[in-house]
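Model, not experiment: these values are computed from the prediction. Below, chain A is the first sequence line, B the second, and so on; all start at residue 1. In what follows, every heavy atom counts, from backbone to side chain, and hydrogens, waters and symmetry copies are set aside.
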Amino acid sequence: MKQAMPTDLELERMQVAADWLIKLQDAPEDEALVAAWLQWCEEDPHNLEDFSAAQSVWHAAVPAPTAVRDRVSRPRRLLRRVAATQRRGPVRIAVGLAATLLLALGIGWTVFVRQADELPSQSYATAIGGTGSALLPDGSRVELGADSRITTFYTAKQRRVSVDFGEAYFSVSKDPQRPFLVAAGAMQVTAVGTAFNVRRHPDRVVVAVSEGKVELDSNEHHDDSSRPHEIAPTPLQAGQQAVYNGSSQSIQVASIHLADVASWRHGVLKYVHEPLGNVVLDLNRYYSKHIVIADARLSEMPFTGAVFSTRIDDALHALEGVFPLRIQEYSDRIELLPRG
Amino acid sequence: MSEDRFQDFHPSDRQADPAESRADLVARLFREHNQALISLLTLRLRSVHDAREVAQEAYVRLLQLDRPDAASLLRSYLFRIAQNLAIDRLRQRSVRHRSAAIEAELFEELSVQDEPERRALASEALVFISSCLEELPPACQRAFWLHRVEGASVAEIAADLGVTDRMVRHHLGRALVYCQLRLRGASKEEAHQRLKR
């Protein structure tokens, strides 16, 4: 099996996108050219996706990789993190790494591995501070928060997607013959035709539904065998949010405003009684400096409020007024410390 | 290029609700144009990391800018500020220092992997893309080599190959689209067939 070949029209768009890349590389300071390019980007959302794909390939296509291997500079957090979270077989590691290499720009795709009676796995990832959206092979759409990655494992019978880290909002295309399953750590979400958001933290999964309904369940493919994760089947409908807590292994369901289900898509991160430590994990996905919260008591304090993902500086300083903490800035990180 | 020209291309912008604050407008700009901005900056700076830093700084400056709040104007300011910051950064950087910045970012990851098996597989994925280039006609290969590795402009490559600029762009575009078709699972023959015209 292979990914669908582009239609003639799509092929033409890929060629136009490549031509834009080459023109812009020659004269990136030409404002008239940039203006025309932006207009082209706006004409069709696929245009920029194709442009980014061409750009990724341009960067990845280095004739002699060994020649540059010795030139190593600073470590990159995103790539490190991918490596650290990989706990799969070597084949999938290759997919994940290749994906990350290709997808350093916005969002993109990759296909490298074919397995018997499975479609190729594909990973979609975003960098720190960058969100993106993509059409999945079945026509469902995913919007990815910053510093997030999903991987699809589609077969003829089911559409399996794993949220590897970060946050994703799915608009699922209807196909009753082929359920859409999203795994996030210990939890599995089953949908038929619906829209919902999944946010994964190391010990916590938050699922919120904006359309239709989903069913929550244990993820039997979860590879953390150190302890059993039994999640009782839980239905969840539009306007509801479920929080799974890994340490207490409990699910709490509450209602949520539809507009708040994935407000991060509009640059607003909203929380109700979210432990500050988890909020900081999210902020790190959007912020260039690493934010550290080492104090356990501070991490546990519940935060309720909204943060603009483009104004995290302001939000951090606002925290000083609300919580008993102070902010210590270093060149490479920001620490939140208990105050007096 | 005149400033007017840069603003002109977005004449029919939905004029924002007057109550929409500067912060909301900037948040909207981020949402609608961040990917394009990062792409453009990456192209100039040859580093995704630097592109993100410059973009972030541009948003911060935009928030502080004492200018009207019309969304269409803000967008042209955003791109102008970002372009100027990119120029500053290019000046600061010594030419040698970061000329291969993005390669270093890509390949350092391969070199920090300590499991040999993983390293082999990861580089295999990149080698696949690069090996696709070798399936292209010699002139096309040479054009891509000059562009990608030597950093030559389209005009320089045209002079080297003794063809028109248009032909060079055709070669380069063909190389990029060919690799994408191969990545999507097309065989050599299929990919060549699709690109015949």
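- A/T310 contributes atom OG1, which lies 8.5 Å from atom OH of B/Y59 (distance to the nearest 0.5 angstrom).
- If you measure heavy-atom distances from B/L63 to chain A, the contacts under 4.5 Å come from the side chain alone.
- The 12-atom threshold is not exceeded at CD of A/E12, counting heavy atoms of other residues, nucleotides or ligands nearer than 6.0 Å.
- At least one side-chain heavy atom of A/D8 sits less than 4.5 Å from a side-chain heavy atom of B/R194.
- Side-chain contact between A/Q15 and B/L176 is absent, with no heavy atoms from C-beta onward closer than 4.5 Å.
- Using a 4.5 Å heavy-atom threshold, the side chains of B/L43 and A/F51 count as touching.
- In summary, B/R31 and A/E143 do not engage in a salt bridge, as defined by a charged side-chain N under 4.0 Å from a carboxylate O.
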*Step-by-step side chain to side chain contact (heavy atoms under 4.5 Å, CB included) determination, A/D50 to B/Q180*: CA-CA 10 Å; A/D50 282 359; B/Q180 291 180 70; 5.8 Å; no
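- In this structure, the side chains of A/W58 and B/F144 come closer than 4.5 Å at one or more pairs of heavy atoms.
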*Decide yes or no on side chain to side chain contact (heavy atoms under 4.5 Å, CB included) for A/E42 and B/E32, but give the supporting numbers first.*
CA-CA 9 Å; A/E42 290 197 338; B/E32 291 176 359; 5.9 Å; no
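- With sequence neighbours excluded, no residue forms a side-chain hydrogen bond (donor to acceptor under 3.5 Å, both in side chains) with A/Y286.
- A donor-acceptor pair under 3.5 Å is formed between the side chain of A/Q55 and the backbone N or O of B/S39.
- Annotation for A/L38 and B/A36: closest pair CD2-CB, 4.0 Å, computed over non-hydrogen atoms.
- Taking the side chain as every heavy atom from C-beta outward, A/Y287 and B/Q56 approach each other to under 4.5 Å.
- The closest side-chain heavy-atom distance from B/H147 to A/Q25 is below 4.5 Å.
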*Going through the distances and angles, do B/Q35 and A/S52 end up as a side chain to side chain donor-acceptor pair (under 3.5 Å)?*
CA-CA 9 Å; B/Q35 198 188 340; A/S52 298; 3.2 Å; yes
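- Taking the side chain as every heavy atom from C-beta outward, B/V177 and A/V57 never approach each other to under 4.5 Å.
- Counting heavy atoms from C-beta outward, B/N34 and A/T131 have side chains that stay 4.5 Å or more apart.
- Between B/R184 and A/P6, the shortest heavy-atom distance links the atoms NH1-CD, 3.3 Å.
- Within the 3.5 Å criterion, the main-chain N or O of B/V154 finds a donor-acceptor partner in the side chain of A/D26.
- The CZ atom of B/R169 lies 5.0 Å from the NZ atom of A/K23; values are rounded to the nearest 0.5 Å.
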